[in-house]
Amino acid sequence: MRAVERVAIMGAGNGGCAAAVDLTQRGYDVRLWGRSASTLEPLVAAGGIGFEGVLGEGFIRIGRVTTDPAEAMAGADAVLILAPAQAHENIASRVAPHLAPGQVLMAAPGQTLTLLPNTLRGLGHATPVTCVTSTLPYICRKVAPEGVRITRVAAKLRFAAFPASHTAELAERLRPLFPAIHPVPTVLDTLFPYTNAIHHPPAFLCNLGRVESTGGDFCHYYDGITPSVGALIDRLDVERCAIALAFGCHVDRISEHFFQMGYTDEAGRAGGTAYDVFHHSEPNRWIKAPTSVDHRFFNEDIPFGLVPFSELARLAGVEAPVTDAMITVASAITGKRWRETGLNLGKMGIADLNVAEVRTLVEKGYP
């Protein structure tokens, strides 16, 4: 098993730029790919990425920045899709023609469950092996077209391969890149810890008037999550845990999950509520709210968070009324048909399966 030395990062947004800084700092040969030439132009002009936060402050040169996936992936040991979940299907189609034997394909955040292998299979990869982490390895935001602020490196990254028989092998290969990798039984166990889905949409929905009237001039997590908003998040959390249990997965409540990730302190953990969690979350404390309704707090976290939760609840016969209501109300506000376009059972390739068959699929892969 060869060590990973050359890395292709697919996605030049928040997570991609943070990973490019981190991995380049640590001596890896990094190639950064982006779908949009306009996104890459400032990085090319600067010759690299400016950074600030927990990894220090400065500027780092990136060996190769390109819109050509073949150029980014040629000779890479690992291909990392670090992009919002709604981009994964499109990026998979661009990556597929250039995948070479022995390359590791990882996606983060990887709450897309079987979307990636199902997409690759449809494009001719008969036995796709992929791996995912439950969240990005960083809390980060781009603060300029050529600059990123990294406020925390994740302390625990739940990690699984599809099929699960490859998890141990791929974890060993990728752990030097991301030491926080923590193997879990299957990719189902990386979907249900996706807590962005249960706190971003309700907090955003409850503060839309404030977003539109101020242009997001308030701290989303600290100012926007009041006790009442926190209570709504807690109800969604209860439903998430119940759906997970129906598929044989144990997930921690949001207070314990955030503590393990290093995103809240002991007081936030002990308080046990979403309000406590976020009012003791220093990494999230100063993050500003979105400036408009058209934001990933809806565009990613509903179709690739709440929708798969709702779909899997229906498949398992679990009631999830608050989850369903959140999707319905947000869809009415935005006019977006997320149940049709999001990560539904059809996109996951499991529409005709029952709970036991889904477990078999994620454990053993396609027949």
Side-chain angles (χ1 to χ4, degrees), residues 1-37 39-44 46-49 51 60-110 112 115-117 119-120 123-125 128-133 135-138 140 142 146 148 150 157 159 161-162 166 169-179 181:
M1 183 189 303
R2 72 174 188 264
V4 173
E5 298 177 352
R6 296 170 296 276
V7 180
I9 296 175
M10 316 305 284
N14 300 323
C17 284
V21 168
D22 180 26
L23 298 179
T24 301
Q25 274 189 327
R26 292 195 278 132
Y28 290 95
D29 176 1
V30 171
R31 304 90 177 273
L32 181 63
W33 172 86
R35 292 184 293 173
S36 167
T39 297
L40 295 185
E41 282 170 3
L43 302 175
V44 172
I49 303 171
F51 63 95
I60 200 156
R61 295 196 174 278
I62 305 300
R64 193 174 307 169
V65 180
T66 179
T67 57
D68 181 357
E71 181 183 2
M73 293 171 61
D77 302 307
V79 179
L80 311 179
I81 299 176
L82 298 175
Q86 64 264 36
H88 287 193
E89 186 174 8
N90 178 269
I91 293 177
S93 68
R94 300 185 186 215
V95 162
H98 312 294
L99 279 173
Q103 284 183 325
V104 179
L105 178 63
M106 187 188 99
T112 49
L115 174 68
L116 204 58
T119 301
L120 292 172
L123 294 169
H125 287 263
V129 176
T130 62
C131 54
V132 297
T133 62
T135 185
L136 279 174
Y138 316 91
C140 53
K142 287 183 77 172
E146 72 291 342
V148 63
I150 304 163
L157 284 173
F159 175 92
F162 177 93
H166 291 271
E169 168 199 349
L170 296 186
E172 184 178 345
R173 287 195 68 187
L174 292 173
R175 191 172 280 114
L177 278 69
F178 304 114
I181 278 177

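Side chains included, hydrogens not; waters and symmetry mates left out as well; all remaining heavy atoms used. Given the structure is predicted, the values throughout are model-derived calculations rather than measurements. When a residue number appears, it is its place in the shown sequence, counting from 1.
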Over all heavy atoms of both residues, which pair between [X] and [Y] is shortest? Give the atoms and the distance, please.
X: A161; Y: L170; answer: CB-CD1, 4.0 Å
X: A108; Y: P137; answer: CB-CD, 4.4 Å
X: L123; Y: A92; answer: CD1-O, 4.2 Å
X: M10; Y: P69; answer: CE-CB, 4.1 Å
X: C140; Y: A18; answer: SG-CB, 3.8 Å
X: L82; Y: G15; answer: CD1-O, 4.0 Å

(request) Take L174 and F159 through the test side chain to side chain contact (heavy atoms under 4.5 Å, CB included) and record every step on the way to the result. (result) CA-CA 10 Å; L174 292 173; F159 175 92; 3.9 Å; yes
Non-hydrogen side-chain atoms of [X] and [Y] separated by less than 4.5 Å:
X: L177; Y: Y28; value: yes
X: F162; Y: L120; value: no
X: V95; Y: Q103; value: no
X: M73; Y: W33; value: no

(request) Using the side chain to side chain contact (heavy atoms under 4.5 Å, CB included) rule, take I62 and L43 through it: C-alpha gap first, then chi angles, then the decisive distance, then the call. (result) CA-CA 9 Å; I62 305 300; L43 302 175; over 6 Å; no
(message) Among residues at least two apart in sequence or on other chains, which ones pass salt bridge (Lys or Arg N to Asp or Glu O under 4.0 Å) with D29?
(response)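 With sequence neighbours excluded, D29 shows a salt bridge (Lys or Arg N to Asp or Glu O under 4.0 Å) to R31, given in chain and number order.
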Residues that [X] engages under side-chain hydrogen bond (donor to acceptor under 3.5 Å, both in side chains), provided they are two or more places apart:
X: T24; value: none
X: E5; value: none
X: Q25; value: none
X: N90; value: R35, R94

(message) Show, in sequence, the C-alpha distance, side-chain angles and deciding distance for Y138 and D22, and conclude whether the side chain to side chain contact (heavy atoms under 4.5 Å, CB included) test is met.
(response) CA-CA 10 Å; Y138 316 91; D22 180 26; 2.7 Å; yes
(request) With side chain to side chain contact (heavy atoms under 4.5 Å, CB included) as the test, would you mind laying out the steps for V148 and V21 before giving the verdict? (result) CA-CA 9 Å; V148 63; V21 168; 4.2 Å; yes
(request) Examine distances only and state if a side-chain atom of H166 and a backbone atom of T130 form a donor-acceptor pair shorter than 3.5 Å. (result)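 Not confirmed, H166 side chain does not pair with T130 backbone.
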(request) Please say which of V129, L80, V132, L99 ends up in a side chain to side chain contact (heavy atoms under 4.5 Å, CB included) with L105. (result) L99
(request) Look up atom SG in C17 and atom CD1 in I60, then write down how far apart they are to the nearest 0.5 Å. (result)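 It comes to 12.0 Å.
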(message) For residues 6-15, which residue pairs pass the side-chain hydrogen bond (donor to acceptor under 3.5 Å, both in side chains) check, not counting sequence neighbours?
(response)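 For residues 6-15, and leaving out neighbouring residues, the side-chain hydrogen bond (donor to acceptor under 3.5 Å, both in side chains) pairs sorted by first residue read R6-D77.
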